[in-house]
Amino acid sequence: PKFYTATNKKYIPSTLLLLEGLVTQKIPGENIRVYYWAEAEQEIGLLKQKYPTVTYTPFPENDPVQIPWSDFWLPEHYGWKLWLIYQNLSEPGIYIDAGVLPVRPLGDVYEIIDKHGIFMLEDENLNKNWCHEKFTKMMNCTQEELDSKQLQAAVIGWDTKNPAVKKVL
């Protein structure tokens with residue numbers, strides 16, 4: 001699969017560790033894409049020097065067509081994460097937060113994606129405490145969905161060619 005992450009200036013050191021972890025696991029740089037906010041442009045240049053085969057893509061945070069609401073691209077609101085995943089559903093992929101350090105092989109994650117078409121873990125937080133009001137209205141969230149636990153979104157895998165994933169995505 002392809003690997004995706006996102007970083008801002010604050011997470012550049014963590015992004016470096018993530019890239020080192022992926023490369024240590026023999027993930028080719030060509031299979032890794034780092035999305036970033038404009039504030040990190042200079043630091044991304046340093047990452048490009050160390051990992052030149054990785055793809056670096058700025059978020060379209062100033063493109064009016066890509067701004068569904070005013071604070072959509074703020075890192076703390078996570079709308080960008082849904083955008084990132086949606087943009088990359090055409091091929092198998094794994095999104096990993098820049099703050100995650102893969103310290104063991106990801107074979108079990110690959111197996112789950114192969115079998116179920118998706119890899120997600122449940123979190124302890126409830127949706128109603130974390131979802132933006134505009135988002136919940138746009139998604140027509142039910143009370144049951146709002147009262148459900150959130151998914152842990154630090155590592156998410158998908159393969160949209162697997163029929164089972166169509167039920168989720």
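Bear in mind that the values here come from a model prediction, so they are computed numbers and not experimental data.
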CA sep, side-chain torsions, deciding dist, call: Lys134, Met138, side chain to side chain contact (heavy atoms under 4.5 Å, CB included): CA-CA 6 Å; Lys134 186 166 184 175; Met138 288 173 65; 4.1 Å; yes

Which atom of [X] lies closest to which atom of [Y], heavy atoms considered:
X: Ile113; Y: Gly157; answer: CD1-CA, 3.6 Å
X: Pro75; Y: Trp80; answer: O-NE1, 2.9 Å
X: Glu145; Y: Asn127; answer: O-ND2, 2.7 Å
X: Ala153; Y: Asp97; answer: O-OD1, 4.0 Å
X: Leu47; Y: Leu16; answer: CD2-CD1, 4.0 Å
X: Ile118; Y: Met120; answer: CD1-CE, 3.5 Å

Stepwise, does the side chain to side chain contact (heavy atoms under 4.5 Å, CB included) test hold for Gln66 with Phe72? CA-CA 9 Å; Gln66 299 289 341; Phe72 179 82; over 6 Å; no

Can you list the residues that meet the side-chain hydrogen bond (donor to acceptor under 3.5 Å, both in side chains) rule with [X], with sequence neighbours excluded?
X: Asn31; answer: none
X: Asp71; answer: Trp69, His77
X: Tyr35; answer: Asn88
X: His132; answer: none

Is there side-chain contact between [X] and [Y], with heavy atoms separated by less than 4.5 Å?
X: Thr136; Y: Leu146; value: yes
X: Pro60; Y: Trp83; value: yes
X: Val34; Y: Tyr4; value: no
X: Tyr36; Y: Glu41; value: yes
X: Pro102; Y: Leu18; value: yes

For Lys81, is the NZ atom crowded, meaning more than 12 foreign heavy atoms sit under 6.0 Å from it?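 Yes - once you tally the heavy atoms of other residues, nucleotides and ligands closer than 6.0 Å, there are more than 12.
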
Would the number of heavy atoms belonging to other residues, nucleotides or ligands and lying under 6.0 Å from OH of Tyr11 be above 12?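 Counting other residues, nucleotides and ligands, OH of Tyr11 stays at 12 neighbours or fewer.
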
Among all residues two or more places apart in sequence or in another chain, which pass the salt bridge (charged side-chain N to carboxylate O under 4.0 Å, His left out) test with Lys48?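 By the salt bridge (charged side-chain N to carboxylate O under 4.0 Å, His left out) rule, Lys48 matches no residue at all.
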
In terms of side-chain geometry, is the basic nitrogen of Glu133 or Lys137 positioned less than 4.0 Å from the acidic oxygen of its partner?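 A salt bridge links Glu133 with Lys137.
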
Test: Lys2 and Glu30 ion pair at under 4.0 Å: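 No salt bridge links Lys2 with Glu30.
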
Check for a donor-acceptor pair, side chain of [X] on one end and backbone N or O of [Y] on the other, with a separation under 3.5 Å.
X: Trp158; Y: Glu91; answer: yes
X: Trp73; Y: Gly79; answer: no
X: Asn162; Y: Ala164; answer: yes

Distance from [X] atom [atom1] to [Y] atom [atom2], nearest 0.5 Å?
X: Ile94; Y: Leu106; atom1: CD1; atom2: CG; result: 6.0 Å
X: Met139; Y: Cys131; atom1: CE; atom2: SG; result: 9.0 Å
X: Ser148; Y: Lys128; atom1: OG; atom2: NZ; result: 10.0 Å
X: Asp63; Y: Glu61; atom1: CG; atom2: CD; result: 11.0 Å
X: Glu39; Y: Lys9; atom1: CD; atom2: NZ; result: 7.0 Å

Do the side chains of Ile27 and Val23 join up, straight or via other hydrophobic residues, at under 4.5 Å, putting them in one cluster?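 Same cluster.
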
Among residues two or more places apart or on two chains, list those pairs meeting ring pair (Phe, Tyr, Trp, His ring centres under 6.0 Å) that have a residue in residues 84-105.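 Of all non-adjacent pairs touching residues 84-105, none passes ring pair (Phe, Tyr, Trp, His ring centres under 6.0 Å).
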
Can you tell me which residue among Leu19, Ile96, Thr55, Thr53 is in a side chain to side chain contact (heavy atoms under 4.5 Å, CB included) with Ile32?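 Result for side chain to side chain contact (heavy atoms under 4.5 Å, CB included) with Ile32: Leu19.
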
